[in-house]
Engineer: 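Just passing along the structure, written as structure tokens.
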Amino acid sequence: MSWFDKLAETFLEDDRYLWMVDGLKITVIITLGALVIGVLIGALIAITKYFCEGNKKLRFLNWICDLYTTVIRGIPVTVLLLVFFFVIFASARDGVPVAIVAFGINSGAYMAELIRSGINAVDKGQMEAARSLGLSKGQAMAKVIFPQAIKNILPAIGNECIALLKETSVAGYVAVVDVTKAATNIRNKTGDAINPIIFLALVYLVIVVIMTRLLTILERRLQKSDGK
């Protein structure tokens, strides 16, 4: 049997290629859902830490934020996923929502530092100017500081999205049939140990190349909008 015949048998028989298609959909859903959660948590922590600076009354909140980032960043994402599925949400039957939450919480710890660095990169005079115009500190953050910070770190958020996409390849540990698990199922079903894995690698490579290209375009447009 030629290599092409073996490839056709592996993916076309019983429409097994549809397993990869369905798995890819799950991968995208988990990635996007986790990204939204990660950005929201990251923004909340970054803004909280910003307001905690120099404020002794908010010292406890600052400690909570530091504890969160330390614990989450110190636990491997695979272990964190297992904890959420088998311990925290032990009664869950569908692993997809659990995976979204687990990956989102993991991403939030890294997003927090990205967004915090973006906020700190904004000239402090911006806050002072906004306050002098009668805006409260919260209003200045929402209308002046935060929009500039997000614009500065959009490329970094895009890179985190790429990393998040690749991290979701371990979702199969909690009975989620993502694209990686689908390739594994095809390999187990057919006994073909090469083609499903090679095809899986190509799928991730193509997606990452496309996302990287889109990030490059985004960076160029941001530079033009800044007059660079």
Side-chain angles (χ1 to χ4, degrees), residues 28-75 77 80 100-168 207-208 210-228:
V28 172
I29 290 172
I30 293 175
T31 302
L32 294 180
L35 181 64
V36 172
I37 294 175
V39 170
L40 291 177
I41 293 177
L44 178 61
I45 291 178
I47 293 174
T48 299
K49 289 184 68 65
Y50 180 85
F51 284 112
C52 287
E53 291 181 1
N55 191 333
K56 294 182 179 181
K57 295 181 180 180
L58 300 178
R59 183 179 300 173
F60 180 72
L61 284 179
N62 189 65
W63 180 81
I64 291 293
C65 291
D66 288 339
L67 178 65
Y68 167 80
T69 55
T70 300
V71 171
I72 298 301
R73 295 176 71 176
I75 300 176
V77 66
L80 186 67
I100 291 174
V101 172
F103 287 118
I105 289 177
N106 180 75
S107 178
Y110 297 91
M111 286 291 186
E113 293 304 314
L114 290 178
I115 297 175
R116 183 164 170 261
S117 65
I119 291 176
N120 290 335
V122 178
D123 192 333
K124 293 183 178 180
Q126 297 278 347
M127 175 61 77
E128 296 173 358
R131 295 299 301 276
S132 67
L133 293 175
L135 296 179
S136 66
K137 198 170 183 180
Q139 290 174 327
M141 170 61 70
K143 297 181 179 180
V144 180
I145 305 300
F146 196 70
Q148 294 184 62
I150 289 295
K151 183 179 179 181
N152 292 335
I153 63 174
L154 274 178
I157 291 178
N159 289 328
E160 174 62 22
C161 183
I162 292 176
L164 184 58
L165 170 72
K166 292 187 287 186
E167 286 176 353
T168 60
I207 295 175
V208 170
I210 292 174
M211 293 177 68
T212 302
R213 178 59 181 169
L214 292 175
L215 282 175
T216 301
I217 295 173
L218 175 62
E219 289 179 7
R220 289 176 180 173
R221 291 188 176 182
L222 289 176
Q223 289 177 353
K224 288 181 180 180
S225 67
D226 290 336
K228 296 180 180 180

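All of these numbers come straight from a predicted model, not from anything done at the bench.
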Engineer: Would you give the length of the straight line joining atom CZ of F146 to atom NZ of K151, rounded to the nearest 0.5 angstrom?
Structural biologist: 15.0 Å

Engineer: Taking all non-hydrogen atoms of both residues into account, name the closest pair between P155 and L215 and its distance.
Structural biologist: O-CD2, 4.0 Å

Engineer: Rounded to the nearest 0.5 Å, what's the gap from OG1 on T212 to CD1 on I162? Could you check?
Structural biologist: 3.5 Å

Engineer: Does the side chain of L61 reach to within under 4.5 Å of the side chain of F51, using non-hydrogen atoms?
Structural biologist: no

Engineer: Can you list every pair that meets side chain to side chain donor-acceptor pair (under 3.5 Å) and has a residue in residues 30-53, with sequence neighbours left out?
Structural biologist: K49-N62, K49-D66

Engineer: Does anything in residues 32-44 form a salt bridge (Lys or Arg N to Asp or Glu O under 4.0 Å)? List the pairs, not counting sequence neighbours.
Structural biologist: none

Engineer: Please list, chain by chain and in numerical order, all residues satisfying side chain to side chain contact (heavy atoms under 4.5 Å, CB included) with L214, sequence neighbours excluded.
Structural biologist: I210

Engineer: So which pairs with a foot in residues 141-150 pass side chain to side chain donor-acceptor pair (under 3.5 Å), sequence neighbours left out?
Structural biologist: Q126-Q148

Engineer: For V36, what residues pass the side chain to side chain contact (heavy atoms under 4.5 Å, CB included) criterion, not counting sequence neighbours?
Structural biologist: L40

Engineer: Could you tell me which residues satisfy side chain to side chain contact (heavy atoms under 4.5 Å, CB included) with L133, sequence neighbours excluded, listed by chain and number?
Structural biologist: none

Engineer: Residues two or more places apart in sequence or in another chain: which of them pass side chain to side chain contact (heavy atoms under 4.5 Å, CB included) with I207?
Structural biologist: L24, L165, V203, M211

Engineer: Would you list the atom pairs, donor with acceptor, under 3.5 Å between side chains in residues 101-118 and any protein atom, with sequence neighbours excluded?
Structural biologist:
residue	atom	partner	partner atom	Å
S107	OG	E160	OE2	3.3
S117	OG	E113	O	3.3
S117	OG	L114	O	2.6

Engineer: Which atom pair, heavy atoms only, marks the closest approach of A34 to L164?
Structural biologist: CB-CD2, 3.8 Å

